[in-house]
There are 2 protein chains.
Amino acid sequence: MGKSNSKNCPIRFALDLFGDKWSLLIIRDILFKEKRYYDEFIESDEKISTNILADRLKKFEEERFLTKEIDPTNKRRFIYRPTQKALDLLPMLTEMILWSATHDPQTAVAPESHRKIRGDKRSFIERHKAKFRKKGTD
Amino acid sequence: MGKSNSKNCPIRFALDLFGDKWSLLIIRDILFKEKRYYDEFIESDEKISTNILADRLKKFEEERFLTKEIDPTNKRRFIYRPTQKALDLLPMLTEMILWSATHDPQTAVAPESHRKIRGDKRSFIERHKAKFRKKGTD
DNA sequence: CTGTATCCTTAGGGATACTG
DNA sequence: CAGTATCCCTAAGGATACAG
């Protein structure tokens with residue numbers, strides 16, 4: 001299902017870009033855990049392997065989800081920062097999290113709290129975006 | 001990354017359930033294209049093969065995304081209908097569609113229209129839900 | 001019509017060693 | 001530190017034939 005194939009279907013378009021096993025987990029680390037460095041991604045619970053991580057970071061840079069620059073505080077490291085394109089995934093990811101919150105028996109949340117979270121969604125997202133306005137880039 | 005592994009991460013929880021190549025496309029067909037029968041899924045553009053489709057339908061039934069019943073209008077077919085758990089994916093999918101609408105150069109939508117779509121999101125989702133209240137189930 | 005059952009292929013991913 | 005480069009392996013998926 002190559003990229004040329006996502007004609008006119010926005011869901012397929014999205015899946016072609018981040019519908020694999022690792023992409024959204026990396027995006028999660030960037031947007032919610034504020035990771036910015038290669039070794040920070042490597043340390044994640046899921047134990048991504050070095051070649052896969054490098055490949056995804058490259059793709060994300062090519063697709064303009066991330067920028068890669070030399071870290072000003074340490075000229076021997078790279079810093080990866082989310083672009084607006086990545087930040088724009090926050091609403092979708094927030095809805096995904098809300099969905100899991102209601103349907104995961106392990107973390108199940110009462111409907112009242114769910115409504116509260118949903119009510120807070122905008123501020124939740126705005127809070128995150130604000131963070132990245134300092135750290136992020138476009 | 002088996003299911004037992006999605007401890008405390010709602011994104012991983014969601015990806016374990018529908019993070020493969022086909023699941024969200026089937027959900028799309030159910031929620032947006034209102035497909036209900038095996039052969040309707042088979043006819044989709046993406047040409048899913050019979051064994052994969054059967055496997056996903058079974059999993060979705062087990063995970064309570066779908067119910068499977070004998071079609072009252074034709075006792076020799078099955079009808080698959082979305083549960084509330086599946087319907088609850090509408091907000092996430094809508095955000096995914098909105099994201100693609102802004103970032104897919106092919107279907108790119110002007111920011112004004114985008115804001116309009118976003119403003120209409122609730123009614124969009126409610127319209128879909130209403131449809132399924134007749135056809136759907138829980 | 002709605003699937004199973006097979007068989008086969010391949011892309012994606014894991015482990016590990018190595019490098020600028 | 002931030003990756004390549006290998007090598008290998010497996011799960012996922014395609015094609016097709018068959019079955020209830």
Side-chain angles (χ1 to χ4, degrees), chain A residues 1-6 11-12 15-30 35-63 65-81, chain B residues 1-6 12 14-30 35-63 65-81:
Chain A
M1 198 154 23
K3 292 181 183 167
S4 54
N5 210 358
S6 39
I11 291 178
R12 222 154 73 199
L15 292 178
D16 280 342
L17 289 172
F18 50 77
D20 69 302
K21 183 175 176 178
W22 290 106
S23 291
L24 276 186
L25 296 174
I26 295 173
I27 298 283
R28 171 203 63 186
D29 285 350
I30 290 168
K35 300 190 177 183
R36 293 291 180 273
Y37 302 100
Y38 184 92
D39 63 309
E40 291 181 322
F41 297 115
I42 287 289
E43 283 160 8
S44 278
D45 281 351
E46 291 88 3
K47 302 295 171 210
I48 190 171
S49 59
T50 60
N51 52 346
I52 307 288
L53 176 59
D55 177 75
R56 291 307 181 281
L57 289 175
K58 202 170 112 192
K59 279 190 182 157
F60 278 149
E61 194 194 353
E62 288 165 2
E63 299 287 351
F65 284 82
L66 299 178
T67 59
K68 174 183 184 176
E69 292 167 65
I70 293 173
D71 181 16
T73 72
N74 176 351
K75 307 249 180 196
R76 310 184 49 194
R77 320 178 84 186
F78 294 101
I79 180 164
Y80 297 91
R81 291 187 295 180
Chain B
M1 201 153 24
K3 292 178 182 170
S4 53
N5 210 358
S6 39
R12 223 154 73 198
L15 291 178
D16 279 343
L17 289 173
F18 51 76
D20 68 302
K21 184 175 176 179
W22 291 105
S23 290
L24 276 187
L25 296 175
I26 296 172
I27 298 283
R28 170 204 65 184
D29 285 350
I30 290 168
K35 299 188 176 182
R36 292 291 178 274
Y37 302 100
Y38 185 92
D39 63 310
E40 291 181 322
F41 296 116
I42 286 289
E43 283 160 9
S44 277
D45 281 352
E46 291 87 5
K47 302 295 169 209
I48 190 171
S49 59
T50 60
N51 52 347
I52 307 289
L53 175 59
D55 177 75
R56 290 308 180 281
L57 289 175
K58 201 170 111 191
K59 279 190 182 157
F60 279 150
E61 194 194 352
E62 287 166 3
E63 298 288 351
F65 284 82
L66 300 178
T67 59
K68 175 184 184 177
E69 292 166 64
I70 293 173
D71 180 17
T73 71
N74 176 349
K75 306 249 176 193
R76 310 185 46 193
R77 326 178 80 185
F78 293 101
I79 181 165
Y80 297 90
R81 292 187 296 180

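Every heavy atom of this structure was used, including side-chain atoms; hydrogens, water molecules and symmetry mates were not. Within every chain, numbering begins at 1; the chains are lettered A, B, ... in the order of the sequence lines, protein sequences first and strands thereafter.
The side chain of A:Tyr37 has D:dA2 as its nearest neighbour among C:dG3, C:dG14, D:dA2. Of the listed nucleotides (C:dT2, C:dG14, D:dA2), C:dT2 has the atom at the smallest distance from the side chain of B:Arg77. For B:Tyr80, taking side-chain heavy atoms from C-beta onward, the closest of the listed nucleotides C:dG13, C:dA15, C:dG3 is C:dG3. You'll find that the side chain of A:Lys21 is closest to C:dG14, out of D:dA2, C:dG14, C:dT4. Considering only the side chain of A:Asp20, C:dG13 comes nearest among C:dG13, D:dG3, C:dT2.
Relative orientation of the B:Phe18 and B:Phe65 rings is perpendicular, given thresholds of 30° and 60° on the angle between their planes. Ring geometry for B:Tyr80 versus B:Phe41: interplanar angle over 60°, hence perpendicular rather than tilted (30 to 60°).
The CG-C1' distance, from A:Leu57 to D:dG3, rounds to 10 Å in whole Å.
When only modelled atom types and interatomic distance are considered, A:Lys59 and A:Ser23 share no side-chain donor-acceptor pair under 3.5 Å.
With hydrogens and angles left out, the side chain of B:Asn51 and the base of D:dG14 share a donor-acceptor pair within 3.5 Å. Evaluation of atom-type donor-acceptor distances gives a pair under 3.5 Å for the side chain of B:Thr50 against the base of C:dT4.
Using a cutoff of 4.0 Å between basic side-chain nitrogens and carboxylate oxygens, B:Asp39 and B:Arg77 are scored as salt-bridged.
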